[in-house]
Amino acid sequence: MTLAYMKLAVPKEALPSEKRVAVSPDNISAFQKLGYEVWIESGAGDLANFPDELYIQSGAKISKEKSELWAKGDLLLKINPPSKEEVGLIKEGATLISFAYPARNEDLLQALGQRQINWMAMDCVPRISRAQSMDALSSMANVAGYRAVVEASHEFGRFFTGQITAAGKVPPAKILVIGAGVAGLAAIGAARNMGAIVRAFDTRPAVQEEVKSLGGDFLMLDFEEDGAGSGGYAKVMSKEFIEAEMKLFAEQAEEVDVIITTAMIPGKKSPVLITEEMVKSMKQGSVIVDLAAEGGGNCELTEKGERIVAHGVTILGYTDLPSRLATQSSRLYGNNLVKLVKLLGSTDEYKIDQEDEIIRGSLVLDQGKLSWPPPKVEVSVQPVKPKEKSINEPVEEKKSIFSPGLMLGGLCLLLLALGWKADNDFLDQLTVFVLACFVGYMVVWNVTPSLHTPLMSVTNAISGIILIGGMLFVTGAQPWMETKSILAGVAIFLATINVAGGFLVTHRMLKMFRKE
């Protein structure tokens, strides 16, 4: 499909609870640079704080008739799948980009297929490095994780942060986040910023460092099994592992004040991780935010889209958390769309290139023909292990003329020659020097390499001592006539470089941790 002139249409979302809009005013110029004439349905951005005036100022045109907008759009951008009414309005042969959920929308696929539609699903964009800027699932999960903490704090009857006031002491809230994906990490960061004590669990040990970097405590099981699956999702674990983690969750439920669950497996019902017995064991006034409610919920008592109170615990099963931060969500989703539309090319070069793995992965309908599921995309390639040598195969060792024993013997002979006719003061200083070198080497050798740079401040102090000693040597009556004074001058020069460089590096390191 190649057109020299195309109209891009952004309709108002049909769902009553939906406050987001597919494109924000900030995205209009990017589409215009690609050659599109951008049309927005009147009132589409009102609930996201984007009135029609902002779109007009950005260069978009406003359509007050819904049917007219759908009829003129060569490229339609939406968030949710179209309703049955909207299917009848869409222009035949047009391209639609939105969330699709093809596994559970077979009737919708057939209806759109009859109108020869090209449908690209934002939820089917492959999770590969090149597609990160188009990954709307991650964008919305990020918002949902943050909003989950906000909702929990609204329902919780205390501060999240600990306080000591004249009226009494307030302990910090304890929060358990199950699942350290995009949503889980966003929840951890938001909860820590609010002062709570955050614990996190994930079946993928690889996320441990990410959890710790956000200030959370990573809960480990004494069980060797990796839950990393394909596409950035966790896989289904063994029965033994599930029993071990359920025991851990039962113990944590008695201690924590808030539980946020995010565990979902694509195409399957969400696993039940919080049983009714665990809910009963939680303290009165505790809160559970179930981000997996769309897939059935991680809590046994979760009701999709509802807020309930069971056994004194508030359970939130909201499925519209990104819509509750409509302004931010719309901006992020609009940025995702801009990147994907750029991949299709400008209007004079527009093409649905199925050789591109991102386009092919997200293409659900190709001119009305079902093209889902796409071929599997290899996310990563396992490195080829080098061929191991047989035990019986002789290993050729490289010999060096500078063996440790030979070098040590040479050093001993050198020290013996220096101290053969030297006075006692020189021998004392030489002994101190050798011992200092040995102690310094052993101290630094046993320090973790990542902490070597912070040792620069200690090096500065030692170099300062060298500077003072060197200056004392060169202040004699005839400093430049003595060998010791010359060596002292060299020591002053080198120590000065070390001090200046050390302070420079330390200053740069401190700057990395300073908030602007």
Side-chain angles (χ1 to χ4, degrees), residues 10-24 41 43-50 77-86 97-105 108 121-124 135-156 177-179 181-187 190-191 258-264 266 269-270 274 287-299 301-310 314-337:
V10 181
K12 184 177 181 179
E13 296 298 320
L15 290 177
S17 62
E18 185 59 78
K19 298 179 181 179
R20 294 172 292 174
V21 61
V23 172
S24 74
E41 184 178 346
D46 287 349
L47 297 178
N49 297 317
F50 298 133
L77 304 182
K78 274 181 56 58
I79 295 176
N80 300 296
S83 63
K84 292 182 179 179
E85 177 192 354
E86 291 171 333
I97 303 178
S98 70
F99 283 102
Y101 312 110
R104 60 176 188 252
N105 282 321
L108 189 57
M122 294 299 288
D123 50 298
C124 294
D135 189 356
L137 285 175
S138 294
S139 298
M140 297 303 101
N142 184 20
V143 177
Y146 175 87
R147 184 69 190 192
V149 176
V150 175
E151 294 290 343
S153 66
H154 174 70
E155 297 289 347
F156 191 52
V177 178
I178 301 177
V182 176
L185 292 174
V258 177
I259 298 178
I260 299 175
T261 66
T262 69
M264 291 186 70
K269 185 182 181 301
S270 302
I274 306 299
V287 181
I288 296 175
V289 185
D290 195 340
L291 293 182
E294 184 73 35
N298 294 140
C299 177
L301 302 178
T302 297
E303 293 186 13
K304 182 179 176 180
E306 300 295 332
R307 172 194 180 274
I308 66 169
V309 178
T314 303
I315 303 173
L316 305 180
Y318 300 146
T319 58
D320 62 343
L321 291 177
S323 183
R324 295 180 180 227
L325 281 175
T327 305
Q328 184 65 72
S329 298
S330 300
R331 284 200 172 104
L332 294 176
Y333 186 77
N335 293 339
N336 294 142
L337 285 176

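In terms of heavy-atom proximity, Ser98 sits nearest to Tyr333 at CA-OH, 3.7 Å. Heavy-atom minimum distance, Thr302 versus Gly317: CG2-CA, 3.9 Å. In terms of heavy atoms, Ala100 sits closest to Asp123 at N-OD1, 2.7 Å. Leu291 and Ala148 get closest at one heavy-atom pair: CD2-CB, 3.9 Å. Listed here is the closest heavy atom pair of Met140 and Pro322: O-CG, 3.7 Å. Thr262 and Ala183 get closest at one heavy-atom pair: CG2-CB, 4.3 Å.
For residues 287-297, the set of pairs meeting the salt bridge (charged side-chain N to carboxylate O under 4.0 Å, His left out) definition, not counting sequence neighbours, comprises Arg104-Glu294, Glu294-Lys304.
Between Lys12 and Asp46, the closest side-chain pair of non-hydrogen atoms is not below 4.5 Å. The shortest distance between side-chain heavy atoms of Val289 and Tyr318 does not fall below 4.5 Å. Side-chain contact between Ile259 and Asn298 is absent, with no heavy atoms from C-beta onward closer than 4.5 Å.
Among the candidates Arg20, Arg147, Glu18, Glu13, the single residue satisfying the side-chain hydrogen bond (donor to acceptor under 3.5 Å, both in side chains) test with Ser323 is Glu18.
Remark: Arg307 does not engage Glu151 in a salt bridge, criterion side-chain N to carboxylate O under 4.0 Å.
Taking CG from Leu316 and CD from Glu303, the interatomic distance works out to 12.0 Å, rounded to the nearest 0.5 Å.
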